[in-house]
2 protein chains.
Amino acid sequence: MQAKNADLRNLDAVAKRAGVSTATVSRVLNNLNMVKNSTRARVLRAAEELKYHPNLHARSLARGKSRTLGILVSNMENPFFFDIYRALESAAHARGYEVVVANTDYSSEQLVSSVRLMIGWRVAGLAAIVSEMDSHLMQMLTDSKIPIVFYDVGTPQKNITNVRVDYRKGMKKIVEYLHSLGHTRMAFLGHHSTLGPISERRKTFLETVARFSPNTEGQIVAAADGLEGGRQAARELLSSGFQPTAILCVNDFMAVGVLRHLRDQGIRVPEDVSVTGFDNIKLAEFCSPALTTVHIPRERIGQTIFGNLVPDQASDRLSGQEILIDPELVVRESTGVARQTQALENRQLSNSGLQPRC
Amino acid sequence: MQAKNADLRNLDAVAKRAGVSTATVSRVLNNLNMVKNSTRARVLRAAEELKYHPNLHARSLARGKSRTLGILVSNMENPFFFDIYRALESAAHARGYEVVVANTDYSSEQLVSSVRLMIGWRVAGLAAIVSEMDSHLMQMLTDSKIPIVFYDVGTPQKNITNVRVDYRKGMKKIVEYLHSLGHTRMAFLGHHSTLGPISERRKTFLETVARFSPNTEGQIVAAADGLEGGRQAARELLSSGFQPTAILCVNDFMAVGVLRHLRDQGIRVPEDVSVTGFDNIKLAEFCSPALTTVHIPRERIGQTIFGNLVPDQASDRLSGQEILIDPELVVRESTGVARQTQALENRQLSNSGLQPRC
DNA sequence: TAGTCAAATGTAACCGCTTACATACGCACA
DNA sequence: TGTGCGTATGTAAGCGGTTACATTTGACTA
C-alpha cells in the first residue's frame, strides 16, 4: 500500500503478469537469446500493458557499469562548444551511449559539483570541454579512475587524453595572410587569460608579427569576453593612439562586437580596417561584413573525443596521448588590402608619426 | 578480487575503516543528527581518506525518489531556449535540485528516447521546452505520473501545467506600432507550422492587419527556420510582386537572415523597409541595424516553470493550470517611418499597380 | 523406455545505499 | 541496585534490477 512508487511498475509486476520469473523478463528486455519466442511475446505484452519502464538506476547499480558519458562544458551558449557537444553526442548515440551534460558557466564551484555528480553517477567516461581546471580537481578526476578526455587543456597529464587544436598554426595563418595584404599595424584583442587556448593565440600573434618586424607592429588589447567585450575593446583601441590596419580578435563573438563599434563610428570594414575572428561560428558568416576567421572542425573534435573515451574494437584509441587538430583559414569580407591608416586620420590626427594621405 | 568496481569504495569500506556500521556512515553523510561528534569526525575522515563518492544510483534506488529534474529542449542552440534552460537550472540548483537536459534537435525519435530516459531515471519532474509533441508521447508522459510543465504547447491538458507567453499581445504590439509609423504593406515571414507559438503569431498578424484594412495589406511567406531560412524567404518575398514596407519575422534569427539579404541587395533598413524580429535574443541587439523586436522574459519563464514543477511550502503552484506571461515591444534601429514602396521600385518596376515617386 | 544433452526457465545472491526497528549505552531517579 | 528513558549505534530488509548457477523441459538417441 505504501509502496514508494505505487504508480510505477517493476520487473516483478511484469513477471507476475506474464507468468514467468524476473530473470526471464530481464532476459527478454535485454534481448538475450535463450528465450522461447512465445514467452518473449508474452513478456513483451505484459510490459506493454503495464506501461513498464525499467528503472535505470537499478540497472546501472546491478550492472556495475553504465553506457553513459558525462560532458562538462564551460559555456554551452558558446556555439563553438555547443557544436563539439553535439558532435560528441551524436557519436555517442550512434554507438548506444547516453550522455549527460553539465554546463558549468565558467564557475569553478559549479564545475566541482558537476564533477562530483558525474562521479556519483559512475559515468563510463568524461569529456571535459572546460577552461577552468585546478590541480585539486585534477586529482579528484584521476583518483576516480574514470576515463577522461580533455579538450584544450594545455598541460598534458599522465594517463589522460588531450584533444587539442593547433591554434598556433591558425593564428600564424591569419597574421601571414594579413601581412600578405600589406597590413603593418595589427592589434590583437583578447581577454586577459593565461589559459592555453587564449594565451597561445596571443603569443603566436606576437611571435609571428615579430617575424615581420620592424615593418610590422603588433599591439595587445585586453578585453572582456563576448560581444560587449569586443565593442568596449574596440573603443579603447581606437582612442589609444595605436592606429591599426587590422584588428585580430581572439574569437568571433568579440569580432562581431568590434564590427558593431566600427560601424557606429562610421569606420568601414574592410576598406578602412580589416577585422578577423577565430573559431568560425555560424554568426561569422551572417554578420556584416561576413567575418574572415579560422575554422575549427568541431565535428571532428567531437568524434575524436568520443573515439578516445570509449574503448573500441580496433579504434584509433591512444590513451594518455595528445591529439592535435588542424584549423584552417576562411577568408570572407571583413579583410582586405591594407590602406595604411588614413581612414582613421580624421579621428586621430594628433599622432604625428604617420603621414596622412589622399 | 573480481569486484566490478575495484577502484571505487563504497559505504562498507568507509564503515570498516571508521569502525562503525554502514547505517552510521549513511547518517553522517546525510547530515542526520543522532550521531556523536567524535563518530562523525571519524567517519568523515575515513571517507576523505578513501576518496569516497556515494553512488547516486544506489541512493536514488534506495530513496525511491530523486531531486533531479529533467529538461527537454528542442534546440539548445537557440539562445532563447537556452536562456529558459539556464534560468530553470539556476532556480533548481538554488533549491538543491539537480538537472539533466536532453537536446532533442527537433527530432521526434530523439524526443521519444529522451522521454524514455527521463522516465527511466525517475526524475522528480519534467520540463518540456519542445515544439514537437504527439498524442502518443503525451499519453506516455501522463501515464508516467511525473509532474510536467510544458512551455508553450498550445493545447491545455488535464493535470498538466502550461506556461505560455501571450504571443498575441506581442504580435499585436508590433503590428500596431508599425501601423502607427504609417506602414501599409506588411509581410510576415514564418516557417510553415501549425504549432501554437508559430501559428499564433501568424494568425494574430493577419487579424491585426485586417483591423486596419483596407488601408493596410498583409502577406504571409513560408520560410525555413534560422538565418538561412530568413535569407531565402526574403529573396522570395522581394521577387513575389508584393512590395512590403515592413517585414515581420517570426523570430530574431530569421530577421537577421532577412537583414543580411537586404544588405546584399543594397536595400536600406529602415529607410527603405522596416524589419522586425521576435524573441529578443542577444543577437538582436548586435546585428546591424539593431533589431526592433518583442522581448520575452526568459528568466521569469524559467523560474515559473520550476515553481510549478516542484512542490513548495507556500508557493504559487497551480497544478493543471495555464500561466500566461506578457512580452513587451523593444524598439531599436530596424524600424522607421514608412516611405511607401519607392525603395523597391528599381527592382520591381514591372508591377504597375503602384506609382513610383521621387 | 531410459539416458543424454541442449535449450528454457527459475532461484537467489548481489549491486550500494537508506531506514524501520532492535539493541546497547549511560545516566538520573526512586 | 534496579528501573526507565533518551541517545547513539547496529541489524537487516528492502529499492529494482542482473546474472551465476541450479533446475526443469523436451527432443532425440541408443
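Please read these numbers as outputs of a predicted model, since none were measured by experiment. Note on naming: letters A, B, ... go to the chains in the order of the sequence lines (proteins, then strands), and numbering restarts at 1 for each one.
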Original post:
Do A:I146 and A:M118 have side-chain heavy atoms sitting under 4.5 Å apart?
Top reply: no

Original post:
Can you check the B:L61 CG to C:dC17 P distance for me, whole Å?
Top reply: 12 Å

Subject >> B:R116 atom CZ: more than 12 heavy-atom contacts under 6.0 Å >> reply: no

Original post:
Contact class for A:N33 vs. all strands (heavy atom < 4.0 Å): base, sugar-phosphate, or nothing?
Top reply: nothing

Subject >> d(NE2, B:H57; C1', D:dT18) in whole Å >> reply: 15 Å

Original post:
Quick one: which of C:dT18, C:dT9, C:dC15 gets closest to the side chain of A:T39?
Top reply: C:dT9

**OP:** Output every pair passing side chain to side chain donor-acceptor pair (under 3.5 Å) with a member in residues 37-46 of chain B, not counting sequence neighbours, ordered by first then second residue.
**Re:** B:R45-B:E49

**OP:** Name the nucleic acid region contacted by B:N30, choosing base, sugar-phosphate or nothing; use a 4.0 angstrom heavy-atom cut-off, strictly under.
**Re:** sugar-phosphate

Original post:
Between A:S74 and A:T104, which heavy-atom pair has the shortest distance, and what is it?
Top reply: CA-OG1, 3.2 Å

Original post:
How about A:V310 and A:L69: do any of their side-chain heavy atoms sit closer than 4.5 Å?
Top reply: yes

Original post:
Quick one: are B:M76 and A:V101 in side-chain contact, heavy atoms under 4.5 Å?
Top reply: no

Original post:
Between B:K65 (NZ) and C:dT18 (C1'), how many Å, whole number?
Top reply: 10 Å

**OP:** Decide whether B:N30 and B:S26 meet the rule of one side-chain donor and one side-chain acceptor closer than 3.5 Å.
**Re:** yes

**OP:** Just compare D:dT18, D:dG17, C:dC17 and give me whichever is closest to any side-chain atom of A:R63.
**Re:** D:dT18

Original post:
Where the side chain of A:A62 is defined as all heavy atoms beyond and including C-beta, which of C:dT18, D:dG17, C:dA7 is the nearest nucleotide?
Top reply: D:dG17

**OP:** May I ask you to evaluate whether A:N55 reaches the phosphate of D:dC15, defined as a side-chain N or O under 4.0 Å from OP1 or OP2?
**Re:** no

Original post:
Mind checking whether B:Y85 and A:N103 have side chains closer than 4.5 Å, heavy atoms only?
Top reply: yes

**OP:** Return the value, rounded to whole Å, for the distance between atom CZ of B:R67 and atom P of C:dT18.
**Re:** 14 Å

Subject >> Ring geometry between B:F80 and B:Y151 (parallel below 30°, tilted from 30 to 60°, perpendicular above 60°) >> reply: tilted

Original post:
Among residues 13-29 of chain B, which contact DNA chain C at a heavy-atom distance under 4.0 Å?
Top reply: B:A23, B:S26, B:R27

Subject >> Nearest-Å distance for atom pair NZ/C1', residues B:K36 and D:dT7 >> reply: 10 Å

Subject >> Protein-nucleotide distance (A:I119, atom CD1; C:dG16, atom C1'), rounded to Å >> reply: 17 Å

Subject >> B:L32 CG to C:dC17 P, straight-line distance once rounded to whole Å >> reply: 15 Å

**OP:** Specify whether B:H57 and A:H57 have parallel, tilted or perpendicular ring planes, treating 30° as the upper limit for parallel and 60° as the lower limit for perpendicular.
**Re:** tilted

**OP:** Would you kindly give the CZ-to-P distance between A:R59 and C:dG16, to the nearest whole Å?
**Re:** 18 Å

**OP:** State which of C:dT18, C:dA7, D:dG17 makes the closest approach to the side chain of A:L11.
**Re:** D:dG17

Original post:
Between the axis at one end of the helix from C:dT1-D:dA30 to C:dA30-D:dT1 and the axis at the other (five pairs apiece), what's the angle to 10 degrees?
Top reply: 60°

